[in-house]
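One structure is given below, encoded as structure tokens.
Worth knowing before you read on, the calculation uses all heavy atoms, side chains too, and leaves out hydrogens, waters and symmetry mates.
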Amino acid sequence: MSAESTPEPGIPGDDNGTTGPDSGRGRRKPRARRRGLMIAAWTAAGVVVLGGTGLGYVYFKLNGNLKSVDIDQALGTDRPTKADNGSENILVLGSDTRSGSNKKLGGGTDDGSARSDTAMIIHVYQGHRKASVVSLPRDTLIDRPACTDPKGVTHDAARDVMFNSAYSTGGAACAVKTVESMSGVRMDHYLEVDFAGFQKLIDQLGGVRITTTKDIDDPDSHLRLKAGAHILDGEQALGLVRTRHGVGDGSDLGRIQLQQAFVKALLDQVEHVGLLGNPKKLLDLADTATKAVTTDSALGSVNSLMSFADGLKGIGASDMTMVTLPVRYDPADPNRVLVEQSKARLVWNALKTDTAIPKAATTGTATGEAAGVVTAS
């Protein structure tokens, strides 16, 4: 994902993005590049290469690391119909727990709660050669359906609550149910990454090279960067993807722009790290990655995760379109956004019908003024 100019929605993979005004605010236009969708690809690569060296125990070690949630059992049959056109939808969340080892990283009170700082739907088109990514701002006010949490407690439906409250209320199943309620689109898979594991992965990769065009100073996320070139360690990288007050208009939309810019730089870094010639490093990364992720039960084994990643390996940067859920700033609270329902319907219909997201869906929608602040070095 990138804060640079990004693929204009309309044709998956079209990378001739433009920017435009929105009430004086900058417009977010992310771009991803290269193949492999996040952690799953690293895990699969590690298992395949190490398995080939005769280290059969690796499978059992990594398989034991994985955590999974049975979304299908939790939600039952009252869900959108699964598409029969060969496409897949994956809900990806970055979890923001304040308990355990994450408390030091995230700050705040150790109340055992968790939020979803980062949320996106990855739509893989029929044939698995193209994909669209729809980022969901955590501060979007939505109507949350009734949810049953992992302890079996049922929570009544709620109106006009923040999107990320669904996860803190009812966990993964509630997050999936909320997205399906908003969109009418069935989520085929679920993938969650916690930020303690994220930080460790970055350190194991040797950091990520970025360039900032402005100073970033955000004491809330413990991030201070002067304009210029940097090699971010895990703690700094985590600060970058979590900062919202140090750059841009202070909104979650600006943070999304920085997150996308960082992921682009991260993918560039992975490309040059030389993992295939370093089995030890592959094992360490795969071990950390599988400890850091929670999946739906269908992806809850190394074999399943490998197969899933293998099916996505043909999707490169030129095959991927990235947008943000069409929103507008809430006139009653500048720290909240409201769904532009007519434009959002264009996005949801495109996912349902396995067609390109039309340009009209994101024209004139709210943005975050952080575009171009971070680029890959």
Side-chain angles (χ1 to χ4, degrees), residues 1-6 28-43 45-46 92 94-96 102 105-106 117-118 120 133 135 191 193-218 221-244 246-248 254-278 280-282 284-293 316-317 320 322 370-377:
M1 310 172 199
S2 171
E4 299 177 347
S5 62
T6 60
R28 168 194 170 280
K29 291 290 184 177
R31 177 175 62 189
R33 52 181 303 192
R34 304 261 333 147
R35 59 181 58 181
L37 294 178
M38 299 172 58
I39 307 290
W42 296 343
T43 304
V92 179
S95 65
D96 181 21
N102 282 336
L105 304 178
D117 251 4
T118 304
M120 64 186 71
V133 178
S135 292
L191 182 66
V193 184
D194 76 75
F195 60 71
F198 169 85
Q199 174 173 319
K200 188 173 181 180
L201 279 168
I202 300 305
D203 285 333
Q204 287 178 334
L205 283 168
V208 178
R209 296 176 183 273
I210 66 159
T211 297
T212 58
T213 59
K214 298 180 180 179
D215 293 350
I216 299 176
D217 188 351
D218 183 1
S221 63
H222 314 295
L223 180 68
R224 290 177 175 83
L225 296 174
K226 292 291 186 181
H230 304 273
I231 302 177
L232 302 185
D233 62 19
E235 183 176 3
Q236 291 172 314
L238 180 61
L240 180 65
V241 300
R242 299 188 68 246
T243 188
R244 61 184 294 171
V247 67
R255 172 164 54 190
I256 287 173
Q257 292 175 315
L258 296 179
Q259 289 171 348
Q260 298 204 352
F262 175 80
V263 171
K264 174 184 179 293
L266 173 59
L267 294 176
D268 284 346
Q269 185 77 8
V270 171
E271 176 187 358
H272 295 102
V273 120
L275 295 179
L276 293 180
N278 192 335
K280 172 65 166 60
K281 193 162 192 173
L282 269 172
D284 290 343
L285 283 168
D287 186 44
T288 298
T290 48
K291 288 177 180 175
V293 300
M320 186 176 291
M322 302 187 71
V373 173
V374 172
T375 61
S377 294

Return yes if some donor-acceptor pair links the side-chain N/O of [X] with the main-chain N/O of [Y] below 3.5 Å, else return no.
| X | Y | answer |
| --- | --- | --- |
| R224 | D217 | no |
| T212 | G228 | yes |
| T243 | G239 | no |
| D215 | K226 | no |

So, do D233 and I202 sit near enough that their side-chain heavy atoms are less than 4.5 Å apart?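 Heavy-atom side-chain distance check fails, nothing below 4.5 Å.
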Heavy-atom side-chain proximity of V241 to F198 below 4.5 angstrom: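 Yes, their side chains come closer than 4.5 Å.
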Kindly indicate, with the supporting measurements, whether the criterion side-chain contact (heavy atoms from CB on, under 4.5 Å) is fulfilled by L201 and V193. CA-CA 11 Å; L201 279 168; V193 184; 5.6 Å; no
For T211, all residues meeting side chain to side chain contact (heavy atoms under 4.5 Å, CB included), sequence neighbours excluded: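 Counting only residues at least two positions away or on another chain, T211 forms a side chain to side chain contact (heavy atoms under 4.5 Å, CB included) with A229, T375, S377.
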From [atom1] ([X]) to [atom2] ([Y]), nearest 0.5 Å:
| X | Y | atom1 | atom2 | answer |
| --- | --- | --- | --- | --- |
| L238 | K200 | CG | NZ | 15.0 Å |
| E235 | L240 | CD | CG | 13.0 Å |
| Q204 | D287 | CD | CG | 8.0 Å |
| H222 | R242 | NE2 | CZ | 7.5 Å |
| Q236 | F262 | CD | CZ | 10.0 Å |
| T288 | Q199 | OG1 | CD | 11.5 Å |

Exactly one of D218, V374, V247, L232 should register a side-chain contact (heavy atoms from CB on, under 4.5 Å) with L225. Which one does?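 Going through the options one by one, the only one that passes is L232.
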Considering all heavy atoms, the nearest A370-G254 contact: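 Nearest heavy atoms, A370 then G254: CB-O, 3.5 Å.
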